[in-house]
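Worksheet: the structure to be examined is printed underneath.
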Protein chains: 2
Amino acid sequence: MRKKAVINNSPVCQVRMQAISDTMSILSGKWKFHILGTLIEGDKLGFMDLLREVKGIGTKMLSKELQDLEMNQLVSRTVMNTKPITVEYSITKYGKTLSPLIDEMAKWGIEYRQSMIDAERD
Amino acid sequence: MRKKAVINNSPVCQVRMQAISDTMSILSGKWKFHILGTLIEGDKLGFMDLLREVKGIGTKMLSKELQDLEMNQLVSRTVMNTKPITVEYSITKYGKTLSPLIDEMAKWGIEYRQSMIDAERD
DNA sequence: AAGGGTAGTTCCCTATAGGAAACTACTTCC
DNA sequence: GGAAGTAGTTTCCTATAGGGAACTACCCTT
């Protein structure tokens with residue numbers, strides 16, 4: 001006879017749902033995880049370095065995604081006063097807090113692949 | 001003088017990147033985490049139950065997302081032979097392996113909110 | 001002065017995601 | 001018989017994501 005939501009009405013669920021939406025919106029898009037992952041591996045990379053490291057990305061998307069990440073304090077952008085100006089992108093200490101999440105994503109994906117292979121052998 | 005990718009060329013990085021892409025594609029879209037989260041909390045829910053629990057979702061998206069999740073063995077769909085037919089959706093044991101990832105997402109999002117509040121108090 | 005490297009921006013285009021509303025089909029309650 | 005509940009499907013629409021290519025602008029090397 002209940003007609004209303006019951007499970008997700010508790011404050012704790014509301015907060016969790018909101019938190020998941022926040023995380024998803026900050027890390028939305030095709031490239032953010034790859035960019036962050038790359039910057040966590042090799043710190044201090046130039047724009048062109050990233051363009052080469054992140055396979056398939058173009059200048060437009062790289063530029064836009066880096067701006068998003070910088071806005072959210074996950075990466076820092078430093079213009080160096082070298083002769084042809086260069087820019088150093090690196091992960092912030094706050095950005096590093098994403099490591100466990102990125103690791104979880106990678107871990108689950110690897111296990112998923114393995115489970116597909118296992119399933120095929122039946 | 002290097003002109004080629006160096007960091008992401010190692011096999012381990014390749015595998016990680018691929019794994020992250022896999023996970024992202026399986027959990028893509030606005031609703032999958034919410035649906036999965038709801039099904040993990042309260043098992044065995046009908047279509048209309050989910051429609052009520054997952055705030056804002058419409059029938060079309062719910063139906064489509066459930067099909068995606070079922071295809072990937074993350075949720076199961078059972079038609080019950082009740083008088084007006086009802087359907088029971090529940091999380092599979094494999095779907096439950098996503099719990100740590102979902103928890104990580106929620107945890108990071110909660111900490112993110114908190115850090116925004118902390119930053120404002122300065 | 002031409003070529004190549006730095007770091008982007010701008011414009012144009014298409015594909016996909018996602019929402020609203022109407023519709024199907026079947027059953028039970030009043 | 002009509003309302004309301006079950007579980008969806010279909011159609012139409014818009015907004016956003018994302019890609020390609022060209023372009024800017026500055027500097028160094030040859």
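Not measured: the values here are computed from a predicted model.
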Suppose we screen for side-chain hydrogen bond (donor to acceptor under 3.5 Å, both in side chains). Which residues come up paired with [X], at least two apart in sequence or across chains?
| X | result |
| --- | --- |
| S25(B) | none |
| S21(A) | H34(B) |
| T78(B) | none |
| E120(B) | none |

Expressed as a whole number of angstroms, how long is the span from [X]:[atom1] to [N]:[atom2]?
| X | N | atom1 | atom2 | answer |
| --- | --- | --- | --- | --- |
| H34(A) | dG18(D) | NE2 | C1' | 14 Å |
| N81(B) | dT28(C) | CG | P | 12 Å |
| L50(A) | dG5(C) | CG | P | 18 Å |
| M48(A) | dG4(C) | CE | C1' | 11 Å |
| M24(A) | dG18(C) | CE | P | 8 Å |

*Is V79(B) linked to L39(B) within one hydrophobic cluster, defined over Ile, Leu, Val, Met, Phe, Trp and Tyr using a side-chain heavy-atom separation of less than 4.5 Å?*
yes
Which side-chain N or O atoms in residues 98-111 of chain B pair as donor and acceptor under 3.5 Å with protein atoms at least two apart or in another chain?
| residue | atom | partner | partner atom | Å |
| --- | --- | --- | --- | --- |
| S99(B) | OG | K96(B) | O | 3.3 |
| D103(B) | OD1 | R16(A) | NH1 | 3.3 |
| D103(B) | OD1 | R16(A) | NH2 | 3.0 |
| W108(B) | NE1 | T97(A) | OG1 | 3.0 |

_If the condition is salt bridge (Lys or Arg N to Asp or Glu O under 4.0 Å), which residues does E65(A) pass it with, not counting sequence neighbours?_
K32(A)
*With sequence neighbours left out, write down each residue that passes salt bridge (Lys or Arg N to Asp or Glu O under 4.0 Å) with R113(A), or none if nothing qualifies.*
D22(B)
*Any salt bridge (charged side-chain N to carboxylate O under 4.0 Å, His left out) involving residues 77-91 of chain A? Give me the pairs, sequence neighbours left out, ordered by first then second residue.*
K44(A)-E88(A)
*Specify the residues of residues 62-80 of chain B, ordered by number, for which at least one heavy atom lies under 4.0 angstrom from an atom of DNA chain C.*
none
*In residues 82-92 of chain A, which ones come under 4.0 Å of DNA chain C, going by heavy atoms?*
I85(A), T86(A), V87(A), Y89(A)
*Using links of under 4.5 Å between side-chain heavy atoms of ILVMFWY residues, direct or through other members, which residues join M80(B) in one cluster?*
none
What pairs of nitrogen or oxygen atoms, one from the protein and one from nucleotides 19-25 of chain D, lie under 3.5 Å apart?
| residue | atom | partner | partner atom | Å |
| --- | --- | --- | --- | --- |
| dG19(D) | OP1 | K30(A) | NZ | 2.5 |
| dG19(D) | OP2 | W31(A) | NE1 | 3.1 |
| dG19(D) | N7 | K60(A) | NZ | 2.7 |
| dG19(D) | O6 | K60(A) | NZ | 2.3 |

*Distance below 4.0 Å between R52(A) side-chain N/O and dG5(C) OP1 or OP2*: no
*With distance as the sole test, does E53(A) use its side chain to make a donor-acceptor pair with the main-chain N or O of N8(B) at under 3.5 Å?*
yes
